[in-house]
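Please find one structure pasted underneath; my questions will follow.
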Amino acid sequence: MHRVRTIEGIREALTTPDHAGRRIGLVPTMGALHEGHLSLIRAARRDCDVVVVSVFVNPTQFNDQGDLAAYPRDEERDAHLASRAGADLLFVPDVDQMYPPGDSTTVSVRGVSEPLEGAQRGVGHFDGVATVVTKLFIAVGPDVAYFGQKDAQQVAVVQRLVADLALPVTIEVCPTVREPDGLAMSSRNVRLHPADRQRALALKVGLDRAAAAITAGSAPREAERQGTATMMTLGVEPEYLAVVDPATFLPAEDLTKPALAVVAAPVGDVRLIDNLPIPPRDAGRTDHP
Ligand code: PAF
């Protein structure tokens, strides 16, 4: 696996005779690779001729400078794991490559980026994501880009971006990878205090409760109430627990269409998110209030 640090370098690497004209898969990451990322790299390896993994801790998507400073960074470990999972090229640009001096361009996806994560983290968060993802797509020119379902609202923002700009890339969404006890894998999990690790399960338990309430016939707002109450009994207060339309992230009303239960909560010093797809209900069925 080769490491490339510049946009010029990645373009050159991808136009060499052994890479030109072949199907390119991109796995965009901020490093601190875990099984979730590795499942994306393996999926890219199965589908594509050339697998590029980008590692860039994108400063513009952090609303909290403390969170940016505390973000785990270990290039050697990431390179080792990416290579073992099947990456051909590791793209590790520095901040000046992605945001050259005087940089003044932002890509902003309205609508889907505004509720929930957008409201909690500020509009700048998804502007930062949309901007860096656009830059990565332009630098690498992937045929397919791989994202995890775990960051469901990010996926919806990227899908909107690709549709609106008619970008010639297919977005592949891979399932959330979980620890054996159900905790969604996240680069932030390493920062959980051992005493908080067990409490972190409250997110998945709250989602399961909301999904079970819907299966039992509850209306979406009642399912949210039950999921939230369950989390509170486990000592975790959600910032939100919501049942939403997976394309718009607005409250789901019609449960005969696919919906998504989403949650965010601080557990100790660490903010975690998770989600659970809710399959469509039979059209004839009515809600309990
Ligand atoms: O999901 C992430 O790690 C980041 O948001 C991404 C897509 C790499 C953009 O910085």
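As the structure lists them, so they are numbered: ligands from 1, and atoms in each ligand from 1.
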Task: Pair Arg22 + Asp143: basic N to acidic O under 4.0 Å - done: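 Between Asp143 and Arg22 there is no salt bridge, as every charged N stays at least 4.0 Å from the carboxylate O atoms.
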- [ ] Decide, yes or no, whether a salt bridge links Glu253 with Arg221 under the criterion of side-chain N to carboxylate O below 4.0 Å.
- [x]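 Salt bridge: yes.
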- [ ] Flag the pair Arg191 and Asp67 as a salt bridge only when some basic side-chain nitrogen lies within less than 4.0 angstrom of an acidic carboxylate oxygen.
- [x]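 A salt bridge is present here (some side-chain N lies under 4.0 Å from a carboxylate O).
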Task: Residues Arg209, Glu224: salt bridge by 4.0 Å N-O rule - done: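 Here Arg209 does not pair with Glu224 in a salt bridge, since their nearest N and O are not under 4.0 Å apart.
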Open item on the list: Whether Arg110 and Asp127 form a salt bridge (side-chain N of Lys/Arg under 4.0 Å from carboxylate O of Asp/Glu) is what I want to check.
Closed with: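 No, no charged N to carboxylate O under 4.0 Å.
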Task: Neighbouring residues of ligand 1, heavy-atom cut-off under 4.0 Å - done: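 For ligand 1, the residues that come within the 4.0 Å heavy-atom cutoff are Pro28, Thr29, Met30, Asn58, Gln61, Val132, Phe147, Asp151, Gln154.
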Open item on the list: Counting the benzene-type ring for Trp, do Phe56 and Phe91 have ring centres under 6.0 Å apart?
Closed with: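 Distance test on ring centres: not under 6.0 Å, no.
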